[in-house]
Amino acid sequence: MSDMTFKQAKEMIERLELAELSLRNSFDNIDYARRSLDDSLIEQKKILKQLPEKDKKISILYLIIMLNMGFLAGLLVGKYLL
């Protein structure tokens with residue numbers, strides 16, 4: 001076995017420190033991505049909860065538009081036929 005020189009040991013420690021910094025950075029990025037995903041899932045749940053309410057409002061608006069069109073058609077028929 002060959003003995004490790006001080007210079008080789010120092011280079012190995014520097015590489016280990018660099019690897020540790022890279023791992024910490026990777027973990028920080030993963031944590032940030034996880035938090036962002038959690039936030040987006042919360043927003044998606046809010047939107048999904050609002051969809052039935054919005055669909056109901058759109059149905060009511062559609063009904064009001066149809067009633068108005070029927071009223072206008074009735075006015076036109078009443079004006080030209082009577």
Side-chain angles (χ1 to χ4, degrees):
M1 260 184 159
S2 67
D3 291 327
M4 185 180 292
T5 65
F6 180 75
K7 184 178 178 183
Q8 290 172 330
K10 185 178 176 184
E11 288 174 358
M12 185 179 287
I13 289 172
E14 288 173 355
R15 284 192 296 244
L16 286 172
E17 288 174 348
L18 183 61
E20 181 185 5
L21 288 174
S22 297
L23 283 173
R24 283 185 186 176
N25 190 26
S26 295
F27 285 134
D28 288 344
N29 289 341
I30 289 170
D31 188 50
Y32 177 76
R34 182 194 55 78
R35 282 185 272 126
S36 295
L37 180 63
D38 289 345
D39 291 345
S40 67
L41 288 174
I42 289 170
E43 291 300 317
Q44 287 178 7
K45 285 179 184 177
K46 287 179 185 176
I47 291 170
L48 288 175
K49 284 181 182 179
Q50 291 177 357
L51 280 178
E53 183 180 319
K54 300 298 180 190
D55 283 344
K56 183 178 178 183
K57 287 181 179 179
I58 289 173
S59 296
I60 291 171
L61 287 174
Y62 181 74
L63 178 63
I64 290 171
I65 290 170
M66 289 298 120
L67 287 173
N68 282 332
M69 289 176 67
F71 177 73
L72 290 175
L75 284 177
L76 288 174
V77 167
K79 180 177 180 180
Y80 293 111
L81 289 181
L82 299 177

Item checked: Arg35: partners by side-chain contact (heavy atoms from CB on, under 4.5 Å), with sequence neighbours left out -> Asp31, Tyr32

Item checked: Partners meeting side-chain hydrogen bond (donor to acceptor under 3.5 Å, both in side chains) with Gln44 (sequence neighbours left out) -> none

Notebook entry, point to check: Does Lys46 come within less than 4.0 Å of Glu43, counting only side-chain N to carboxylate O?
Noted result: yes

Notebook entry, point to check: Thinking salt bridges, do Asp38 and Arg34 make one under a 4.0 Å N-O criterion?
Noted result: yes

Next item on the list: Check whether any side-chain heavy atom of Asn25 lies under 4.5 Å from a side-chain heavy atom of Leu21, and answer yes or no.
Entry: no

Check: Any chance CE of Met69 has more than 12 other-residue heavy atoms, nucleotides or ligands included, within less than 6.0 Å?
Finding: no

Margin query: Working to the nearest 0.5 angstrom, can you tell me the gap between Ile60 CD1 and Leu63 CG?
Written below: 8.0 Å

Check: Can you tell me how far the CD atom of Gln8 sits from the CD atom of Glu11, to the nearest 0.5 Å?
Finding: 7.0 Å

Note to self: Using 0.5 Å steps for rounding, measure from the CD1 atom of Ile30 to the CG atom of Leu37.
What the structure shows: 13.0 Å

Item checked: Atom pair CD (Glu53) and CG (Asp55), whose distance is rounded to the nearest 0.5 Å -> 10.5 Å

Margin query: Enumerate the side chain to side chain donor-acceptor pair (under 3.5 Å) contacts for residues 59-78, please, sequence neighbours excluded, ordered by first and then second residue.
Written below: none

